[in-house]
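One structure below.
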Amino acid sequence: MNVSESELVRPSNIGAAEWTLRQQLATCYQLFDFLEWTESIFNHISLRVPGPEHHYLMNPFGLNYDEVTAANLVKVDLAGENVEPGPYRGNPAGFAIHGAIHESRPDAQCVIHTHSTCGMAVACKEAGLSHHNFYGALLHRRVAYHDFEGITVRPDERVRLVASLQDKPILILRNHGLLVLGPDLPSAFLLYWTLQRACEIQAATGAMNGADRLLSEAVRTQSGIDAQRFDPDGRLAQVMFDATVRRMQSARKMGLR
């Protein structure tokens with residue numbers, strides 16, 4: 001994506017804190033495009049902006065992820081209505097899911113929902129996510145499930161979706177896709193990356209002949225505990241996010257993507 005100079009300058013009607021979040025979120029959309037975790041113009045990564053209003057930022061409906069910029073991100077309220085006038089709106093399906101979670105979970109500053117191939121495949125399996133591989137074990141006891149009710153556009157499903165999520169940071173939408181939340185964008189990104197890798201390994205394992213090696217409940221439990229203790233200074237998510245951004249920038253400079 002070629003970003004114009006005007007898109008790098010903070011508009012006068014956007015505060016410095018919100019502009020920083022907009023830049024971070026736009027970069028995340030670029031990363032999802034680079035890593036091929038996109039579904040055309042669909043799915044969402046939403047990020048709450050500071051303030052008591054529960055306003056959050058999301059992608060303009062109709063744009064590809066590589067077309068998202070800090071300036072054209074849409075700011076909406078919990079009902080999905082644009083907070084400020086602009087040429088774009090959000091996708092109604094995003095309001096039902098993202099608005100419900102932003103409203104009900106104070107720790108949900110960032111919410112990521114995707115339809116990746118391996119994620120949807122796992123969501124279609126009765127057993128759900130396997131915790132018998134390295135990445136799946138890291139997510140042991142952190143995953144909730146929500147049954148498919150059709151396209152997520154009806155307001156009444158919001159209550160049931162939140163009830164399914166409970167206090168977990170990961171929600172597998174049965175027959176649908178993946179969802180993660182985090183206290184900030186880098187944390188949500190790292191959690192999603194881990195979940196995506198778990199699904200990829202599970203899909204690859206399922207395609208191979210031979211019996212699977214199963215982990216004991218004790219090992220899976222300890223893996224989940226250790227995963228949350230692995231980052232004592234709280235820097236891992238930001239370091240991981242920044243490293244992935246550098247890899248994307250390097251690839252683009254070389255004309256690889």
Side-chain angles (χ1 to χ4, degrees), residues 28-29 32 37-48 54-65 74-82 88-131 136 139-183 188-189 191-196 198-200 202-203 206:
C28 192
Y29 274 103
F32 270 60
W37 293 341
T38 61
E39 186 81 339
S40 185
I41 62 173
F42 303 102
N43 301 162
H44 311 284
I45 310 165
S46 60
L47 186 60
R48 185 176 172 179
H54 284 88
H55 293 163
Y56 60 95
L57 304 167
M58 66 188 306
N59 49 318
F61 190 45
L63 296 188
N64 295 304
Y65 280 25
V74 179
K75 182 161 64 172
V76 299
D77 60 22
L78 293 174
E81 297 296 330
N82 283 33
Y88 300 105
R89 295 188 63 82
N91 182 348
F95 309 143
I97 296 176
H98 291 248
I101 296 174
H102 280 296
E103 181 178 22
S104 64
R105 289 283 297 269
D107 57 331
Q109 298 298 302
C110 181
V111 179
I112 299 173
H113 169 53
T114 68
H115 289 175
S116 68
T117 299
C118 65
M120 291 186 73
V122 169
C124 289
K125 301 294 284 187
E126 182 63 36
L129 182 72
S130 170
H131 297 284
L139 303 175
H140 187 51
R141 296 185 176 176
R142 303 184 71 193
V143 181
Y145 293 86
H146 178 68
D147 287 341
F148 186 62
E149 299 185 20
I151 300 174
T152 317
V153 294
R154 297 186 305 279
D156 60 290
E157 187 178 356
R158 293 164 63 106
V159 176
R160 293 186 293 278
L161 190 147
V162 169
S164 296
L165 179 61
Q166 299 180 38
D167 62 347
K168 299 291 194 298
I170 298 170
L171 183 65
I172 293 182
L173 301 160
R174 298 277 193 185
N175 308 92
H176 183 170
L178 306 177
L179 183 147
V180 306
L181 60 89
F189 177 84
L191 183 60
Y192 180 84
W193 181 88
T194 305
L195 177 61
Q196 175 73 11
C199 291
E200 290 170 352
Q202 181 174 339

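- Here the CG atom belonging to L47 is positioned 9.5 Å from the CD1 atom belonging to I112, to the nearest 0.5 angstrom.
- To the nearest 0.5 angstrom, K75 atom NZ is 14.5 Å from S46 atom OG.
- Proximity of Y145 to S164: side-chain heavy atoms (C-beta onward) are nowhere separated by under 4.5 Å.
- Side-chain atoms of L179 and V111, non-hydrogen and from C-beta on, do get closer than 4.5 Å to each other.
- Here the closest heavy-atom approach between residue L139 and residue V143 is recorded as O-CG2, 3.7 Å.
- Residues R105 and L181 have side chains in contact (heavy-atom distance under 4.5 Å, counting atoms from C-beta outward).
- In this view, V162 and A100, S104 satisfy the side-chain contact (heavy atoms from CB on, under 4.5 Å) rule, not counting sequence neighbours.
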Considering only distance and modelled atom types, tabulate donor-acceptor pairs under 3.5 Å from the side chains of residues 118-130, sequence neighbours left out.
from: S130; atom 1: OG; to: H132; atom 2: N; distance (Å): 3.1

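- Two residues are said to be in side-chain contact when any heavy atoms from C-beta on lie closer than 4.5 Å; L178 and H113 fail this criterion.
- Counted by atom type alone, Y29 and N59 present one or more donor-acceptor pairs between their side chains at under 3.5 Å.
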Determine, step by step, whether T38 and N64 satisfy the side-chain contact (heavy atoms from CB on, under 4.5 Å) criterion, reporting the C-alpha distance in whole Å, the side-chain angles of both residues, the deciding distance to 0.1 Å, and the verdict. CA-CA 9 Å; T38 61; N64 295 304; over 6 Å; no
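- Annotation: W37 is not in aromatic contact with Y65 [ring centroid separation under 6.0 Å not met].
- Put simply, the side chain of N82 gets close to the backbone of Y88: a donor and an acceptor are under 3.5 Å apart.
- Atom CD1 of I151 sits in a sparse spot, with 12 or fewer heavy atoms from other residues, nucleotides or ligands closer than 6.0 Å.
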Would F32 and N43 count as a side-chain contact (heavy atoms from CB on, under 4.5 Å) if you check the C-alpha gap in whole Å, the side-chain angles of each, and the deciding distance to 0.1 Å? CA-CA 11 Å; F32 270 60; N43 301 162; over 6 Å; no
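- Donor-acceptor pairing under 3.5 Å is recorded for the side chains of H115 and H176.
- A donor-acceptor pair under 3.5 Å is absent between the side-chain atoms of R48 and the main chain of P106, judged by distance alone.
- A donor atom on one side chain and an acceptor atom on the other are found under 3.5 Å apart for E157 and H146.
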Give the C-alpha distance, both sets of side-chain angles, the deciding distance and a yes or no for side-chain contact (heavy atoms from CB on, under 4.5 Å) between H102 and H55. CA-CA 9 Å; H102 280 296; H55 293 163; over 6 Å; no
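- For the residue pair H54 / D77, no side-chain donor-acceptor distance below 3.5 Å is found, with atom types taken as modelled.
- Using a 4.5 Å cut-off on side-chain heavy atoms (C-beta onward), R154 and E149 make contact.
- Ring planes of H98 and Y56: parallel class, angle under 30° (limits at 30 and 60°).
- Side-chain atoms of I97 and L161, non-hydrogen and from C-beta on, do get closer than 4.5 Å to each other.
- Qualifying side-chain contact (heavy atoms from CB on, under 4.5 Å) partners for E103, counting only residues two or more places apart in sequence or in other chains: L78, R158.
- Put simply, CZ on R160 and CG on L165 are 15.0 Å apart, with the number rounded to the nearest 0.5 Å.
- The closest side-chain donor-acceptor pair between T114 and E39, if any, does not fall under 3.5 angstrom.
- Of all heavy-atom pairs between S116 and Y192, the closest is OG-OH, 3.7 Å.
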